[in-house]
Amino acid sequence: MRNGSGELIVIGGGLAGSEAAWQAAEAGVQVRLYEMRPVQETPAHVTDRLAELVCSNSLGSYLANKAPGLLKAELRGLGSLILACAQATAVPAGSSLAVDRDMFAELVTARIASHPRIEIIREEVTTLPVSPTIVATGPLTSPALTAELQALSGEDYLYFYDAVSPIVDAQSIDLSTAFRQSRYDRGEQEEGDYINCPMTREEYERFVQALLEAETISLKQFEREDPHFFEGCMPVETLARRGMKALAFGPMRPVGLIDPRTNKRPYAVVQLRQDNLAGSLYNLVGFQTNLKWGAQRRVLRLIPGLEQAEFLRYGMLHRNTYVNAPRLLQPTMQYRNRADLFFAGQITGVEGYIGNAGTGLLAGLNAARFMQGRTPVILPTNTMLGALAHYVTHADPRDFQPMKANFGLFSPPQGKMSKGDRATWYSERALTSLRRFARAYDIPFDRNAAEVVPPDADRDRPGEPSYGETF
């Protein structure tokens, strides 16, 4: 691999790497973008194009009063290449942004290839460069580079399988049924560290039966062939197949808990653990699952106290390489022990197409600033991209799991608001904050581009989720 003085190396030509390369080049930096395909193929990709979408062609909601839509608005204002290409290749999808995946990848590749300050090099990177570098290798990082990252960070800080539990909005939990308590009252908070959803035997058996009958996501061939895939991340539906009482003696064991409504121990219990400092997010403890998202929404609402739950992230299980970002990265996307090394995309623990592109934009912007002698920026946490970068670099490193854009990353406003008003308030605050921040730090920001909504994206389709991708 060639290194040139004053040049930025970007490893990986996916959404994050392409966006990072573009932003750095637009800021005046010479970029070498390394993409190993087609010299070295991956189990998931089928072409050699940059920014190939390997799962859904949906990039989620367009509306700024939805978390994925707000993130898009912020990236439009900041001049995102990925969003510009997505809008140019969009197909009808109501309030969501969906693309012709072939045209989209072709356009991104053409735009990157024609940029005078970007050189695309089709070559596998097997060692980390010693010059300014952005690692944006995604969930299928090559074995050679994975070994390099292990040597850099320590083996304990690199993960290979993504076993994610669902997360709910705390305000949507029915606390007239659920109750706060730690097992045997051994928590740090007086009222209890966990929210507990108690079940009678009848409720438990109905839940387990629904879990067994629900449809699961098909594993990819390379996941099915890996004998260690489920090691350490057993899905609840797989555990349930071991017997009707398996969950009651596993993640749903009720020991050390008393239901205040009955003053008795429940037959089974689902525990929810606080997931962010604001206390607005709670994850279902031990509930990693491979159920389809519609099935999760239906089955998990059988849990007492979660009948009206708003799921901000559904569980998932797939092969994924990502670092323990809270221990290793700063919210600038810089590696803590090496200022000229940046990370972007899914390898940082961010989930979702647009989240990946967003961290690529931030890493590219900050790498250019670093190389030009300017201080890298930390985005305000009341912006969606800033909140996402803050979360993955400040979450509890002992239990770090990837995260998508969602309003639960924000601290709630003072006073009561309806859900719709609260979303509008979040969005207006975020765009105002980002506009002022960009002006203060001399970052290009197009207010008109940020606030425009395409004419065919003026409504939500009933029942349509704003999260269509798993990679």
Side-chain angles (χ1 to χ4, degrees), residues 58-77 95-97 164-174 195 272-284 293 296-297 300 306 308-315 331 349-359 362 379-395 401-435 437 450-451 453 457 459-460 463-469:
S58 172
L59 280 68
S61 177
Y62 234 141
L63 303 180
N65 63 353
K66 304 287 187 182
L70 172 58
L71 182 56
K72 290 180 183 66
E74 293 175 3
L75 297 192
R76 283 198 304 271
S95 62
S96 292
L97 173 60
V164 175
S165 299
I167 282 182
V168 301
D169 185 335
Q171 296 187 32
S172 68
I173 302 170
D174 181 3
I195 294 177
L272 287 82
R273 178 173 53 219
Q274 186 172 325
D275 201 80
N276 65 343
L277 289 175
S280 57
L281 303 176
Y282 274 76
N283 68 70
L284 278 66
W293 290 349
Q296 288 187 49
R297 184 167 57 247
L300 296 179
L306 301 186
Q308 303 299 321
E310 180 182 355
F311 291 93
L312 300 176
R313 182 186 74 188
Y314 286 106
V350 169
E351 282 281 359
Y353 289 151
I354 299 303
N356 293 337
T359 55
L362 182 57
L379 295 178
T381 55
N382 57 10
T383 66
M384 186 54 66
L385 182 55
L388 199 56
H390 179 84
Y391 179 88
V392 298
T393 55
H394 288 79
Q401 292 184 331
M403 177 61 70
K404 287 191 176 192
N406 65 82
F407 284 137
L409 297 173
F410 292 148
S411 297
Q414 297 293 326
K416 288 189 175 182
M417 289 186 184
S418 69
K419 179 180 175 181
D421 288 344
R422 189 166 65 247
T424 299
W425 184 82
Y426 284 145
S427 297
E428 291 176 351
R429 181 185 64 172
L431 293 178
T432 299
S433 178
L434 186 57
R435 185 173 68 251
F437 181 86
E451 296 181 353
V453 176
R459 62 184 178 86
D460 283 313
E464 179 184 60
S466 59
Y467 24 73
E469 71 280 1

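Note that the coordinates shown come from a computational prediction; the quantities given were computed from them, not determined experimentally.
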Asks: So T381 and L409, do their side chains get closer than 4.5 Å, heavy atoms only?
Replies: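 Result no, sub-4.5 Å side-chain heavy-atom pair not found.
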Asks: When the ring planes of Y314 and W293 are compared, do they come out parallel, tilted or perpendicular, using 30° and 60° as the limits?
Replies: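 The rings of Y314 and W293 lie parallel, inter-plane angle below 30°.
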Asks: Got a donor-acceptor contact below 3.5 angstrom from the K72 side chain to the L59 backbone?
Replies: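 Yes, the answer is positive, given that a donor and an acceptor are paired below the 3.5 Å cut-off.
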Asks: Looking at side-chain heavy atoms only, is the closest gap between F410 and L70 below 4.5 Å?
Replies: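 Yes, their side chains come closer than 4.5 Å.
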Asks: Tell me which one of N406, L272, L284, N283 satisfies side-chain contact (heavy atoms from CB on, under 4.5 Å) with I167.
Replies: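 Looking at N406, L272, L284, N283, the match for I167 under the side-chain contact (heavy atoms from CB on, under 4.5 Å) is N283.
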Asks: For the residue pair N65 and F407, what are the closest heavy atoms and their distance?
Replies: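 Shortest heavy-atom separation between N65 and F407 comes out as O-CE1, 3.3 Å.
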Asks: Between CG of L75 and CG of L434, what distance do you get to the nearest 0.5 Å?
Replies: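 If I round to the nearest 0.5 Å, the distance is 9.0 Å.
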Asks: Okay, side chain of S61, backbone of P68: is any donor-acceptor separation there less than 3.5 Å?
Replies: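 Absent.
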Asks: Rounded to the nearest 0.5 Å, how far does CG of L431 lie from CD of E451?
Replies: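 E451 CD to L431 CG: 6.0 Å, rounded to 0.5 Å.
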Asks: Answer whether the closest heavy-atom distance between the side chains of Y426 and P412 falls below 4.5 Å.
Replies: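 Yes - at least one pair of side-chain heavy atoms lies under 4.5 Å apart.
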Asks: Hey, does M417 have a side-chain heavy atom less than 4.5 Å from the side chain of W425?
Replies: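 Contact flag for W425/M417 side chains = yes.
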Asks: Ignoring hydrogens and geometry, is there a side-chain-to-backbone donor-acceptor pair from K404 to G355 under 3.5 Å?
Replies: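 The answer is no, because no donor-acceptor pair under 3.5 Å joins these two groups.
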Asks: If you compare all heavy atoms of A309 against all heavy atoms of S172, which two are closest, and at what distance to 0.1 Å?
Replies: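 Answer, listing the atom of A309 first, then S172: CA-OG, 3.5 Å.
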Asks: Measuring from atom CD of Q171 to atom CG of L281, what distance do you get when rounded to the nearest 0.5 angstrom?
Replies: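 The CG atom of L281 is 10.5 Å from CD of Q171, to the nearest 0.5 Å.
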Asks: Please report the interatomic distance CG(L63) to CG(L97), rounded to the nearest 0.5 Å.
Replies: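 Output value for this atom pair is 11.0 Å.
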Asks: Could you check whether any side-chain N or O of E74 sits under 3.5 Å from a backbone N or O of T383, counting only pairs where one atom can act as donor and the other as acceptor?
Replies: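 No.
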Asks: Can you name the nearest heavy-atom pair linking F311 to P166, along with the distance?
Replies: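 Here F311 and P166 meet closest at CD2-CB, 4.2 Å.
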Asks: What closest approach, in Å, do S433 and N382 show between heavy atoms, and which atom pair accounts for it?
Replies: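 That would be OG-OD1, 2.8 Å.
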Asks: Which heavy-atom pair separates A405 from L71 by the least distance, and what is that distance?
Replies: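 Nearest heavy atoms, A405 then L71: CB-CD2, 4.0 Å.
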Asks: Charged N to carboxylate O below 4.0 Å: is that the case for R313 and E351?
Replies: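 Salt bridge between R313 and E351, a charged N being under 4.0 Å from a carboxylate O: no.
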Asks: Quick one: does I173's side chain get under 4.5 Å of L306's, heavy atoms only?
Replies: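 With C-beta onward as the side chain, the pair touches.
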Asks: Between T393 (side chain only) and A389 (backbone N and O only), is there a donor and an acceptor less than 3.5 Å apart?
Replies: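 Yes; judged by distance alone, with no hydrogens or angles, the pair exists.
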